[in-house]
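Counting starts at 1 for both ligands and their atoms, in listed order. These values consider heavy atoms only, across backbone and side chains, with no hydrogens, waters or symmetry-generated copies.
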Amino acid sequence: MAHLTGGGSDLRLDRWPPGATGGLQAWDATDEYLLRHVEASAPAPGRTLLLVGDRWGALAVALAARGLRPVAWGDSYLGRLALAANLRANGLASDAVPFTGADEPPPGKHDLALLRLPKDLACLEETLRRLRGALVPGAMLVSGGMIKHTPTRAWRLLEAIVGTTETTPGWKKARLGASRLEARELPPPPPNRIYRPLPRLELAGAPGVFGGGRLDGGTALLLRHLPASEKALAVADLGCGDGVLALALAWHLPQASVLGVDESYRAVTCAEANLARNESVLTGERGRVRFAAADGLADVAPASLDLVVCNPPFHQGHAVADTAAERLFAQAFATLRPGGRLLVVGNRHLGHHAKLDRLFGSHELLDGDARFVVVGATRGG
Ligand SMILES: C[S@@+](CC[C@H](N)C(=O)[O-])C[C@H]1O[C@@H](n2cnc3c(N)ncnc32)[C@H](O)[C@@H]1O
């Protein structure tokens, strides 16, 4: 666990899951700069403020420790778990900062909000549009990001969607922008992209959700290996994104109950909308396909699944992506029945087959192209 100092507090903060994040710090200079900004404006103790996208709860814990009453709105279920653990680690109640997932509107009405800028500009635009509803007229929104990850277009979006925005000089390679909420006639949001992963299935992407309305090359390869057998009765899509693999499984296996889990609330909302979009072409019992925000399969009963499919995350840097993938595969192993199978697709260079060997004892190479490989493993009896 690492310590964030400044503003008179010395905080113990960790990412989630603790110990599996490659020793990466749970805050950066953007958080420190935002905290300095709040301190300089000397807000009254007990003041409420809205935090948006506070990834591991660093801002929430620091501000709550200073006697303010932040409320958090975010997309990450892992971030929610980190927030509760970090509050506890610093002697605060684990629910001291209420958290609302991005599957719901931002909570309350505020005259001050802090936003960590997402890298994805479509996601920023959608966030800002939704955020307007949680700000009182004239409210201040202070946004921050690391300069190298913040294109000029991000500041332009703030001007266009929120109001006049003044940026600060860079500090420790971070920059802030202070925007005052002004009346705006916004054009309708851009439509979401639509694609067909299988001839009868139609899916829409959503801002901030993997794929952005296009079929990923790895997902396309894995789709060719989904079973069409009656035997797989309880199946799970681990890291479901827009729901593409879960819905394809539901299409191939009309008898199966299908669970799609993702740590992104936006992904779960998008997958649920895609389920509704395809309800008329899916046969079988109503309610057999379900999506949930979760830390992988952590809440699924051991030895209860026949099949797990997984296109694991790979964006967090090599070492972290590797640990994250292995952790998800270990969850799959624990939740599969003896004889149950895990199917994985991943970038060839990530060497997921070696992880399956460690967990399952062996693997099968099922397919591959220049970039991706599909590997399978069966849980022994
Ligand atoms: C590469 S995307 C795959 C999405 C979709 N299955 C597809 O093939 O298009 C990986 C997904 O895993 C999710 N994810 C990452 N860590 C997770 C965790 N611990 N629990 C659940 N989902 C997770 C990400 O939010 C992301 O949507």
TODO: Salt-bridge test for Glu364 and Arg341: reply yes if a basic N is under 4.0 Å from a carboxylate O, no otherwise.
DONE: yes
Task: Numbered atoms and elements of ligand 1 in range of Asp295, under 4.0 angstrom, heavy atoms - done: 19 (N), 20 (N)
Open item on the list: Under a 4.0 Å threshold between the charged nitrogen and the carboxylate oxygen, would Lys355 count as salt-bridged to Glu326?
Closed with: no
Task: Arg196, CZ atom: more than 12 neighbouring heavy atoms under 6.0 Å - done: yes
Task: Ala294 neighbourhood, listing ligand 1 atoms whose heavy-atom distance to it stays under 4.0 Å - done: 20 (N), 21 (C)
Open item on the list: What I want to find out is whether Arg337 reaches Asp306 closely enough, with some N-O distance under 4.0 Å, to be called a salt bridge.
Closed with: yes
- [ ] Return the residue, atom name and 0.1 Å-rounded distance of the protein heavy atom closest to atom 7 (C) of ligand 1.
- [x] Thr219 OG1, 3.4 Å
TODO: Give a yes/no verdict on whether any heavy atom in Cys240 is under 4.0 Å from an atom of ligand 1.
DONE: yes
Task: Under-4.0 Å heavy-atom contact with ligand 1, by part of Leu328 that carries it - done: side chain
Open item on the list: With a 4.0 Å cut-off on N to O distance, would you call Arg88 and Asp95 a salt bridge?
Closed with: no
Open item on the list: Could you check whether any side-chain heavy atom of Leu68 comes within less than 4.5 Å of a side-chain heavy atom of Val38, counting everything from C-beta outward?
Closed with: yes
Open item on the list: Quick check on Pro312 - does any of its heavy atoms sit under 4.0 Å from an atom of ligand 1?
Closed with: yes
- [ ] Flag the pair Leu112 / Val142 as yes when at least one side-chain heavy-atom distance between them is below 4.5 Å, and no otherwise.
- [x] yes
- [ ] Give the residue and atom name of whichever protein heavy atom lies nearest to atom 14 (N) of ligand 1, and the separation in Å to one decimal.
- [x] Glu263 CG, 3.9 Å
Task: Heavy atom of the protein closest to atom 15 (C) of ligand 1 (residue, atom name, distance) - done: Pro313 CG, 3.4 Å
Task: Glu279/Arg277 ion pair, N-O < 4.0 Å - done: no
Open item on the list: Under 4.0 Å from a heavy atom of Val244: which atoms of ligand 1 are those, numbered in the order shown and with their elements?
Closed with: 7 (C), 9 (O)
- [ ] If you have a sec, work out which protein heavy atom is nearest atom 27 (O) of ligand 1 and how many Å separate them, to one decimal?
- [x] Asp262 OD2, 2.7 Å
Open item on the list: Salt bridge check, Glu166 against Arg180: does any charged N sit closer than 4.0 Å to a carboxylate O?
Closed with: no
Open item on the list: If hydrophobic residues (ILVMFWY) are linked whenever their side-chain heavy atoms come closer than 4.5 Å, directly or via other members, who joins Val162 in its cluster?
Closed with: Leu50, Val52, Val71, Trp73, Leu115, Leu117, Leu121, Leu124, Leu128, Leu131, Leu135, Leu141, Trp155, Leu157, Leu158, Ile161, Leu181, Leu186
TODO: Run the contact test for Ala298 against ligand 1 with a 4.0 Å cut-off on heavy atoms, strictly below, and give the result.
DONE: no
Task: Gly296: numbered ligand 1 atoms lying under 4.0 Å from its heavy atoms - done: 18 (C), 19 (N), 20 (N), 21 (C)
- [ ] Could you check which of Phe210, Tyr77, Trp16 puts a non-hydrogen atom nearest to atom 2 (S) of ligand 1?
- [x] Phe210
Task: Protein contact of atom 4 (C) of ligand 1 - nearest heavy atom, named by residue and atom, plus distance - done: Gly239 O, 3.3 Å
Task: Distance from atom 3 (C) of ligand 1 to nearest protein heavy atom, with residue and atom - done: Asn311 O, 3.3 Å
